[in-house]
Amino acid sequence: MEKKTIILYPSPGIGHLVSMVELAKLILNREPSYSIIIFISSAPYSTGSSAPYISHVSATTSGISFHHLPVLVLPPNTFSSFEEIAYKIPQLNNPNLKLALQTISKESSDLKAFIIDFFCTAAVEVSSNLEIPTYFFFTSGSSAMCQFLYLPTLHETITQKDLQDPNTYVHIPGIPPIHSLDLPKVLSNRSTVLYKELINTANQMAKCSGILINAFETLEPKAVKALKEGLCTPGMPTPPVYCIGPLIASGDKGNGNNAHGHEILTWLNSQPSKSVVFLCFGSLGTFKEDQLKEIAIGLENSGHRFLWVMKSPPIDDKTKRFLPPPEPDFNVLLPEGFLERTKERGVIVKSWAPQLAILNHDAIGGFVTHCGWNSVLEAICGGVPMLAWPLYAEQRVNRVCMVEEMKVALPLEESVDGFVMASEIEKRVKELVDYESSEAIRDQVKIMSEKAKTAVAVSGSSHDALTKLLDGWK
Ligand SMILES: *[C@@H]1O[C@H](CO)[C@@H](O)[C@H](O)[C@H]1NC(C)=O
């Protein structure tokens, strides 16, 4: 008998790849006889090397194999954002994708599903022509899913001018009213390529065979209810939604930076329980020099212990913006004497730290986060209360939901241009680490970390959602 085959199609970049591998492992855990093929496409910018990770997975997980699509050459510097390139790559890859899908369907007449990343929308054209059931894997939360699926409706019902009005709140089924400024920035200009890609993706998602979400139902019950009732795609049914999370990558992404990670954990071992505030803003989160200084002053004045993962400020030089940034220079970026004055209670690390291990360390008392969904899930599973400092994409929507619905985070007040004053950082860090002022979110995040465990355990909601998905492939 032929093996049941599933094909996964991530965007380039180690983060996307790791999410898809975790999904593959989840499926294989339940259906070890399946064959899962992960398509790898190359990116014309640095995404960190995936090769060691791929060989590690190949060597340690039977059932997963990788298929490399041919290397693409893109015209340099004609794109205005990472997202635009991320959409472009699968478009250019479609001929290669078609060949690969045809070959695999010939070899295996039992191709059950093609599961694609958010940015791989272009692939739908190919897979639907070949009549392969196509699913999206959405790596943000259910609330963000509501907002995203509702985009075409927002496009029809609200003018761009209305959205730019600073007094507008947008009403989206399943989530609290969202201030216009908290919507993803790309929505403020409907003439851009990226805006059109997003609308197209939302339309394609609404028609696909199913949407897998890396979330669990009890974390965002209202959002899940709205999705299941079809409220976010008015006038048409919403495809089946499967909340199968939290899926959290266990490894260190083959980063190989273990000695460095080890040092940080050793330092944490010597800190009191729940005393250290951890600051980390994701792989793309950067601040300008003046904001970095302001963070330093806020941390120093808070008097609390801290562990800060610092990246260099963004580079203005357009020819360099897709290259990996240089290591931050503490002498330039920090106030004079800062390291000396805080050496007893603070550590700053350059560019990277083993976030998952840190969030699960008993010394961590709070997490200042950019509200990227993987970080949010990791903090929730580690039972760590958060201070929400969103930077881009759907992160501001996440913040609203984290603060108002999930109640696992404190907000941070920004000025209109997004700058955060040292005094605000000081005040919020104190609130976060101080037991009494953060008791409510501390308790809530503990409850949610328990609910996360229940969801993925046998007969939990995420376990059941996966069963339903797998049953459909029987
Ligand atoms: C909106 O996007 C278009 C196309 O990229 C660009 O030409 C225009 O300047 C943008 N408008 C604003 C107000 O940013």
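Because only heavy atoms are used, hydrogens play no part in the values below, and waters and symmetry mates are left out as well, while side chains stay in. Read the numbers this way: they start at 1 and go in the same order the structure lists the ligands and their atoms.
- For atom 4 (C) of ligand 1, the closest non-hydrogen atom of the protein is S191 O, 3.9 Å.
- Relative orientation of the F119 and Y87 rings is perpendicular, given thresholds of 30° and 60° on the angle between their planes.
- Among L194, N189, V193, the residue whose heavy atom sits closest to atom 10 (C) of ligand 1 is N189.
- The protein non-hydrogen atom at the shortest distance from atom 5 (O) of ligand 1 is T192 CG2, 4.0 Å.
- Residues A206 and P239 share a closest heavy-atom pair of O-CD, 3.3 Å.
- Protein non-hydrogen atoms do not reach within 4.0 Å of atom 7 (O) of ligand 1.
- Rounding to the nearest 0.5 Å gives a distance of 9.5 Å between CD1 of I213 and CH2 of W373.
- For the residue pair E378 and Q355, a side-chain donor N or O sits within less than 3.5 Å of a side-chain acceptor on the partner.
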